[in-house]
Each structure stands twice: as structure tokens, then as C-alpha cells.
Amino acid sequence: MCVSVGSASYGLPLENVQEVIGVRALTRVFHAPSALAGIINLRGEVLPILDLPVLLGTDSAPGTHAEARIVVVREVSGAKRRAGLRVDALLGLLDVPLTGLTLTPSSLSPGIRGFVLGVIPTSPPCAVLDVSSLFSAPDLATLAGISAAQ
């Protein structure tokens with residue numbers, strides 16, 4: 001699934017995408033890292049919402065895009081953590097070519113490169129994000145709210 005964050009396109013592996021929901025009012029968490037936009041109640045469960053533009057260090061501001069969405073993602077293996085990612089817009093689905101992902105270009109900032117699995121080289125290029133790496137970001141190290149799904 002390709003999403004827009006700032007002026008860039010990023011992909012999320014479909015195996016990690018649980019659902020897409022509209023942006024809704026968030027409850028702020030005091031003393032939380034800036035990458036945690038807040039929390040919501042999603043069908044009786046507390047779900048942390050990560051501000052993907054902040055986490056990636058891009059230029060987008062929260063709530064400025066009419067097409068903004070929350071993509072609920074989860075780890076497929078490992079800790080099975082789950083969170084929502086605030087994105088500026090959904091761009092659709094992209095197929096990974098038979099040759100697979102290309103290497104992460106050195107032109108990406110070091111902060112973003114640590115989250116990227118590779119790039120879908122079709123036009124426009126789309127950097128595919130590793131959900132587990134996002135959840136383990138240094139900016140979120142003190143956050144206990146991203147917990148295992150039940």
C-alpha cells in the first residue's frame with residue numbers, strides 16, 4: 001500500500017496493514033515522544049497513533065491534508081505490536097516487480113534509511129517501510145503504549 005507523507009511516497013507491506021480509518025480526534029498523552037500523536041479508542045481497544053511525518057522527519061504538519069488517514073498496522077511476527085500511522089494520503093496499491101525491491105538509495109536521510117526495506121522502482125518510486133523498525137524507533141524507546149496485540 002503506497003501512502004503520501006510530506007512530498008514523498010512510502011509503501012507499507014500489505015501483510016502488515018490491518019485496516020485504514022479516517023482521521024479522528026486523538027487523546028494527547030502528556031510527556032510522550034513527539035512521534036506519538038495521541039491515542040484513540042478503536043472498538044474498545046486503546047490504539048497509539050504514530051505521526052509518521054514526525055517519525056520520518058518530513059515537512060508535513062498534522063491535520064493539514066483533507067485526504068489524511070490512519071493506517072492501522074501490526075507486526076506479523078515477533079512482539080505482534082500494533083499502532084496507527086497518520087499519513088497525508090493513500091496513493092493506492094503497487095505491485096512489487098518480479099525483480100523485487102531495489103536497494104535503498106544513499107540519497108535518503110540516515111534517519112529514514114533505517115526504516116526502509118527497499119524501493120519499488122516503478123514511477124513514482126516508493127520506499128517500502130519496515131513496520132517493526134518503525135515501532136522500535138529511538139524516538140519511541142520510552143513509549144510503552146505500543147504493546148502486543150491481544
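Every heavy atom of this structure was used, including side-chain atoms; hydrogens, water molecules and symmetry mates were not. Quick caveat, the model's predicted, so the values are computed rather than measured.
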E15: which residues meet the salt bridge (charged side-chain N to carboxylate O under 4.0 Å, His left out) condition with it, sequence neighbours left out? none
To the nearest 0.5 Å, how far apart are CG in D51 and CG in L36? 9.0 Å
Closest heavy-atom pair and its distance - [X], [Y]:
X: S9; Y: P125; value: CB-O, 3.9 Å
X: F115; Y: S133; value: CE2-O, 3.4 Å
X: S132; Y: E75; value: OG-OE2, 2.7 Å
X: P53; Y: R86; value: CG-NH2, 3.1 Å
X: L55; Y: A35; value: CD1-CB, 3.7 Å
X: S136; Y: R81; value: OG-NH2, 3.1 Å

[X] versus [Y]: any side-chain heavy-atom pair under 4.5 Å?
X: T27; Y: V46; result: no
X: L93; Y: L14; result: yes
X: L117; Y: P13; result: yes
X: D88; Y: V3; result: no
X: L85; Y: L12; result: yes

Tracing side-chain contacts under 4.5 Å among Ile, Leu, Val, Met, Phe, Trp and Tyr outward from I21 reaches V23, L26, I40, L42, L47, I49, I70, V72
Kindly give the cluster partners of V119, where membership spreads through any ILVMFWY side chain lying under 4.5 Å from a current member. none
Mind running side-chain contact (heavy atoms from CB on, under 4.5 Å) on L129 and L52 for me, showing each step along the way? CA-CA 11 Å; L129 299 172; L52 198 51; 4.1 Å; yes
For D95, is the CG atom crowded, meaning more than 12 foreign heavy atoms sit under 6.0 Å from it? no
Among V87, V71, L91, L94, which one satisfies side chain to side chain contact (heavy atoms under 4.5 Å, CB included) with M1? V71
Donor-acceptor contact below 3.5 Å, side chain R74 vs main chain A83: no
